[in-house]
Amino acid sequence: MNARLIKFLPWLAVGLLGLFPLVESTFYMQLLTKVLIMAIFAMSLDLLVGYTGLVSFGHAAYFGLAGYALALMAPQYETVSLWWSFPASIAVCALFALIIGMLVLRTRGIYFIMVTLAFAQMLFFIFHDTKIGGGSDGIYIYAKPTMKLGEMELVNLEKLEQFYWLALLSMAATYLLLHRVLGSSFGRALQGIKVNEHRMRALGFPVFRYQLASFTLSGALAGIAGYLAAVQYGFVNPEILSWHQSGAVLMMVILGGMGSLYGAVIGSFAFILLQEALSNQAWFGAWAKHWQLGMGILIMLVALYLPQGLAGLMQKFGKKPVTEAADE
């Protein structure tokens, strides 16, 4: 299998996933919809971790903020238009990421990790300890957003298969956007900053601006995932802002392979499907409640024996490492 064929595989996978609602059950369609949404979330974090060299442990802040933005914008028991609520939620996340980025990017290493975690936890406690968004009980979204052109309804998100296709389209669009961005001079500069920040600064690159742009874009893309997750479940609570959520998406990136967009997608599939399998009481009985132990062991094995993640397995099928940087 040559590198050109490998390059085509993500789009073949998207085409096959598009046919999934025609052949599978409601449970698996809901599960796969969750995977697609988390794949967007993982790709947004991989932009920071894998390409910019910034390990954030507070990425759930933007995921949860988008869900709360939708819940607070939607009138109770009434629908809200997707045409304006979707970009508005993303804009809120982008603005928040811009403001936070201007502060946290003045730190490095472990300090950057801890400060991103601190800001995410601050946001968590704002929603948890106040009446904004229902406090610790969360808030329901009773009606899914509508997508109309005049009086004609273009998409009915109450129908599971149509929401699935929207999630699939959003995932493919996110992949394509990031692939183009990373293949541009901006993307090359980000990867240069990751490798040697001091040299890039000495060459005259405005490192802080590049990192801030990456941080803001990453937050906005995480907002897409958060918005879709809120629509899928019809409910948001402070737990989606917690460090557990940030840790889970970071493990998806590590499992799939940092610095590879399709690796982030693979990691999302692997993490969620493994979680479902390991927590299956029919298979593992009483051990199912300890599924985190099994997941942790698998993550450690991948880190030890597959340093480039599951996506690294694809390298042996091509003549060169298969990353978005090498594809161009």
Side-chain angles (χ1 to χ4, degrees), residues 37-68 89-90 92-127 174 177-178 181-182 186-187 189-191 193-195 197 207-227 229 238-261 263-265 267-268 271 299 303 309 324:
I37 293 171
M38 296 309 292
I40 298 172
F41 193 19
M43 283 190 287
S44 72
L45 180 59
D46 195 34
L47 173 63
L48 280 183
V49 177
Y51 290 96
T52 315
L54 299 171
V55 181
S56 171
F57 205 61
H59 210 56
Y62 317 106
F63 182 84
L65 185 61
Y68 271 103
S89 297
I90 297 172
V92 168
C93 294
L95 179 60
F96 185 72
L98 176 64
I99 295 171
I100 299 303
M102 293 177 69
L103 300 173
V104 302
L105 287 171
R106 301 180 187 279
T107 62
R108 291 293 181 270
I110 187 65
Y111 302 104
F112 177 85
I113 297 173
M114 297 309 296
V115 173
T116 55
L117 173 61
F119 275 108
Q121 288 301 103
M122 286 170 58
L123 193 62
F124 169 85
F125 284 111
I126 287 174
F127 285 105
T174 301
L177 172 64
L178 286 175
V181 167
L182 293 169
F186 171 75
L190 288 181
Q191 294 170 65
I193 291 169
K194 176 189 175 184
V195 174
E197 179 180 333
V207 170
F208 181 82
R209 293 181 184 178
Y210 276 95
Q211 290 177 329
L212 182 59
S214 177
F215 196 91
T216 304
L217 177 59
S218 178
L221 294 177
I224 296 176
Y227 181 96
E239 289 303 313
I240 63 175
L241 295 155
S242 71
W243 65 269
H244 302 87
Q245 188 81 323
S246 296
V249 70
L250 184 58
M251 284 192 286
M252 292 177 196
V253 174
I254 295 171
L255 185 61
M258 293 183 290
S260 172
L261 293 180
V265 177
S268 303
F271 184 89
I299 294 291
E324 279 65 29

- Determine the minimum heavy-atom distance between Met251 and Phe271, stating which atoms define it. CE-CE1, 3.9 Å

- Side chain to side chain, Val115 and Leu103, heavy atoms closer than 4.5 Å: no

- Please work out whether the ring planes of Phe127 and Tyr68 are parallel, tilted or perpendicular, with thresholds of 30° and 60°. parallel

- Item | Minimal non-hydrogen separation, Gly223 against Ala66, with atom names | O-CB, 3.1 Å

- Item | Leu123 vs Phe96 side-chain heavy atoms within contact, under 4.5 Å | yes

- Message: Within the supplied structure, the quantity of interest is the number of heavy atoms (other residues, nucleotides, ligands) at a distance under 6.0 Å from Met258 CE; does it exceed 12?
- Response: no

- Message: Ile113: which residues meet the side chain to side chain contact (heavy atoms under 4.5 Å, CB included) condition with it, sequence neighbours left out?
- Response: Val55, Phe57, Ile110

- Non-neighbouring partners of Arg209 that pass side chain to side chain contact (heavy atoms under 4.5 Å, CB included), sequence neighbours left out: Pro206

- Item | Gap between atom CD1 of Ile193 and atom OG1 of Thr52 - 0.5 Å precision | 7.5 Å

- Item | Residues, nucleotides or ligands: over 12 heavy atoms within 6.0 Å of Tyr111 OH | no

- Query: In Å, rounded to the nearest 0.5 Å, how long is the span from CG of Leu98 to SG of Cys93?
  - Reply: 12.5 Å

- Please report the C-alpha distance between Val249 and Phe63 in whole Å, then the side-chain angles of each, then the deciding distance to 0.1 Å, and finally whether the side-chain contact (heavy atoms from CB on, under 4.5 Å) criterion is met. CA-CA 11 Å; Val249 70; Phe63 182 84; over 6 Å; no

- Looking only at heavy atoms, which two atoms of Ser89 and Tyr227 are closest? And how far apart? OG-CD1, 3.4 Å

- Query: Got a second to check how far Arg106's CZ is from Phe208's CZ, nearest 0.5 Å?
  - Reply: 4.5 Å

- How about Met252 and Phe41: do any of their side-chain heavy atoms sit closer than 4.5 Å? no

- Straight-line distance of Phe125 CZ to Ser242 OG, nearest 0.5 Å: 10.0 Å

- Listed by chain and number, what are the side chain to side chain contact (heavy atoms under 4.5 Å, CB included) partners of Leu47, not counting sequence neighbours? Leu178, Leu182, Leu190, Ser214, Leu217, Ser218

- Message: As an exercise, state the distance from OG1 of Thr107 to CG of Leu54, rounded to the nearest 0.5 Å.
- Response: 9.0 Å

- Note on the structure: Heavy-atom closest pair (Ser246 atom, Ala60 atom, distance to 0.1 Å) is OG-N, 3.0 Å

- Rounded to the nearest 0.5 Å, the CD1 atom of Ile254 sits from the CG atom of Asp46 at a distance of 10.5 Å

- Message: Do Leu48 and His59 make a side-chain contact, defined as non-hydrogen atoms from C-beta onward lying under 4.5 Å apart?
- Response: yes

- Query: Is there side-chain contact between Tyr51 and Lys194, with heavy atoms separated by less than 4.5 Å?
  - Reply: no

